[in-house]
Amino acid sequence: MANRCYAPNGMSTHPPPFDASGMRAVFLRELAAAVAGALSARALLERAPGDPEPVRSLRDFFHGIAGSAGAAGLPLLGRLAGACETAAAALLEGTLRGPPAAAMFDQGLAGVAFVLQTWSPPAGTESADPAPEPDRPPARILVVDDDRLSARLTDAVLRAAGFDSAFCCEPEKALEVIQRESPDLILLDVVMPEVNGFDLCRDIRKSPGLQLTPIIFLTGKGAVEQRVHGLELGANDYVAKPFEPQELVARVRTHLSRLAEARERAIRDGLTGCYNNQYFKQRLDQEIARAVQSGDDLTLAMLDVDHFKRVNDEHGHLAGDAVLAKIASILAASVRSSDVLARYGGEEFALLLVGAATARAAAVTDRVRECIAAHPFELPAAADKAQTARCTVSIGIAALSASDTADAFLLRADRALYGAKEAGRNRVVIAA
């Protein structure tokens with residue numbers, strides 16, 4: 001990634017606040033690093049007044065200050081830089097002559113020099129990173145902004161809030177970086193050379209794996225029509241520069257929370273709350289690979305409700321749904337958080353018992369079978385009369401063998417399940 005790749009920063013439960021002094025320290029450090037290039041551009045403009053290149057460099061320099069100085073507690077500098085940016089744009093368009101523009105640039109550079117001369121870095125601002133907490137991986141955020149000053153300031157605010165932030169200052173390479181790194185959220189500037197934020201947003205939304213990734217536009221362009229245009233292209237939010245750190249962090253956290261909820265809904269069965277079939281098969285592949293590498297045990301159980309059609313026929317489909325939901329809750333209460341429980345389809349459930357050998361898996365599943373058989377299932381009332389039903393389940397289990405593929409593993413457990421059905425139901429059968 002351009003400038004700084006994702007770093008394994010931890011996420012603190014109570015990250016330290018990033019106050020005004022911290023913001024200003026980051027801003028001024030970056031400003032001090034950038035001012036030499038602006039002075040060189042001003043000197044080149046003096047020697048070659050008709051050359052547009054130094055004017056572009058000065059425009060970009062003042063653009064970054066105008067968008068960031070207010071957030072660093074330097075609003076006067078931000079307004080001065082904004083006037084210089086406007087003068088540079090007018091000079092490039094031919095609507096302003098060179099001498100007035102040059103005078104404005106000199107005033108802007110003098111203001112920058114004054115701020116830098118009167119600033120001394122406060123103690124303890126060398127790093128804004130919170131203390132690492134490796135057990136809680138932080139959300140990964142990518143800041144895309146062609147202006148390094150703005151990007152670095154935004155990045156510092158996010159890292160201080162506990163996020164794993166990185167930034168890219170080459171918008172033409174941003175899509176490649178995004179597709180490679182798959183960040184959890186993208187902060188995107190609008191006004192950038194080569195590729196503007198709107199075009200990049202449109203390209204991001206064309207990528208199948210990035211449909212849910214939140215995009216927040218971070219820009220000084222606050223016109224209503226631009227906000228609407230960005231949202232129509234698929235952006236989730238807008239934050240205007242100069243931003244308030246607390247507002248930026250709050251918006252980022254809100255969208256990450258919504259993303260987590262959306263991702264969870266995508267992998268859950270709506271009726272039972274168990275994982276769905278698609279997610280289960282992904283986890284099955286992962287757990288098989290992990291077990292093969294580590295040599296740990298892995299057992300798969302397939303469970304089917306006996307005579308479930310009879311429940312639907314006698315009591316209705318709402319009653320059948322109630323039975324399935326209750327069976328799911330019994331299963332969930334009977335297994336560990338490290339195990340993987342899914343509704344495989346219809347009235348069939350799948351359970352991966354991680355690190356469990358056949359004997360333990362048989363004991364666990366048999367206790368589940370007994371619990372279900374003894375449970376009086378409460379059904380939706382019919383004609384104002386309470387209803388209950390009794391149900392049993394058949395279970396087939398298989399232990400992972402060295403030669404098993406995912407399909408072979410599933411097939412052996414499924415055959416054991418049908419063996420339990422053929423042997424009279426309400427029993428556990430272990431695959432050979």
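Below, each value reflects all heavy atoms present in this structure, side chains not excepted, and no hydrogens, waters or symmetry copies. The model shown is predicted, which means the values in this text are computed figures rather than measured ones.
- Expressed to the nearest 0.5 Å, how far CG of Leu218 lies from CG of Leu248 amounts to 6.0 Å.
- Counting only residues at least two apart or on different chains, the salt bridge (charged side-chain N to carboxylate O under 4.0 Å, His left out) pairs with a member in residues 328-355 are Asp269-Arg343, Arg336-Asp339.
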* To do: Please step through side-chain contact (heavy atoms from CB on, under 4.5 Å) for the pair Leu256 and Arg253, ending with a clear verdict.
  => CA-CA 5 Å; Leu256 287 172; Arg253 285 182 174 148; 5.5 Å; no
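- Sorted by first and then second residue, the ring pair (Phe, Tyr, Trp, His ring centres under 6.0 Å) pairs involving residues 355-377 (not counting sequence neighbours) are His375-Phe377.
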* Could you walk me through whether Leu76 and Arg79 pass the side-chain contact (heavy atoms from CB on, under 4.5 Å) check? -> CA-CA 5 Å; Leu76 290 177; Arg79 287 197 287 272; 2.9 Å; yes
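- Of the inter-residue distances, the one linking Ile141 atom CD1 with Phe167 atom CZ reads 14.0 Å to the nearest 0.5 angstrom.
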Which donor-acceptor pairs under 3.5 Å do side chains of residues 208-217 form with protein atoms, sequence neighbours excluded?
residue, atom, partner, partner atom, Å
Gln211, NE2, Arg205, O, 2.4
Gln211, NE2, Ser207, O, 2.9

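- Under the side-chain contact (heavy atoms from CB on, under 4.5 Å) criterion, Glu264 pairs with Ile267, Arg268, sequence neighbours left out.
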* Go through the steps for Leu351 and Val340 under the test side-chain contact (heavy atoms from CB on, under 4.5 Å), then give the verdict. => CA-CA 6 Å; Leu351 174 61; Val340 184; over 6 Å; no
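- For the pair Asp297 and Arg360, the salt-bridge criterion is not met [side-chain N within less than 4.0 Å of a carboxylate O].
- Residue pairs satisfying the salt bridge (charged side-chain N to carboxylate O under 4.0 Å, His left out) criterion with at least one member in residues 272-288, sequence neighbours excluded, are listed as follows: Arg283-Glu287, Glu287-Arg290.
- Taking all atoms of both residues into account, the shortest heavy-atom contact from Ser165 to Val143 is OG-CG2, 4.1 Å.
- With rounding to the nearest 0.5 angstrom, the OG atom of Ser68 is 12.5 Å from the CZ atom of Arg148.
- The pair Asp60-Arg56 does not meet the salt-bridge criterion, since no charged nitrogen lies less than 4.0 angstrom from a carboxylate oxygen.
- The side-chain contact (heavy atoms from CB on, under 4.5 Å) test applied to Ala359 returns no partner, not counting sequence neighbours.
- The list of salt bridge (charged side-chain N to carboxylate O under 4.0 Å, His left out) pairs with a residue in residues 397-409, not counting sequence neighbours, reads Asp404-Arg412.
- Screening residues 282-307 for ring pair (Phe, Tyr, Trp, His ring centres under 6.0 Å) gives no qualifying pairs among residues at least two apart or on separate chains.
- When the side-chain contact (heavy atoms from CB on, under 4.5 Å) test is applied to Gln278, the partners found at least two apart in sequence or on another chain are Asn276, Gln282.
- Separation of atoms CG (Leu379) and CD (Glu314) is listed at 10.5 Å; rounding is to 0.5 Å.
- Each ring pair (Phe, Tyr, Trp, His ring centres under 6.0 Å) pair with one or both residues in residues 310-357, not counting sequence neighbours, would appear here, but there are none.
- Screening residues 245-304 for ring pair (Phe, Tyr, Trp, His ring centres under 6.0 Å), with sequence neighbours left out, gives Tyr275-Tyr279.
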* Asked: Could you walk me through whether Thr154 and Val157 pass the side-chain contact (heavy atoms from CB on, under 4.5 Å) check?
  -> CA-CA 5 Å; Thr154 307; Val157 170; 5.7 Å; no
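- Scanning for side-chain contact (heavy atoms from CB on, under 4.5 Å) contacts around Thr392 gives Asp306, Ala373, Asn426, with sequence neighbours left out.
- Under a cut-off of 6.0 angstrom, the local environment of CD in Glu244 is sparse, with at most 12 non-hydrogen atoms contributed by other residues, nucleotides or ligands.
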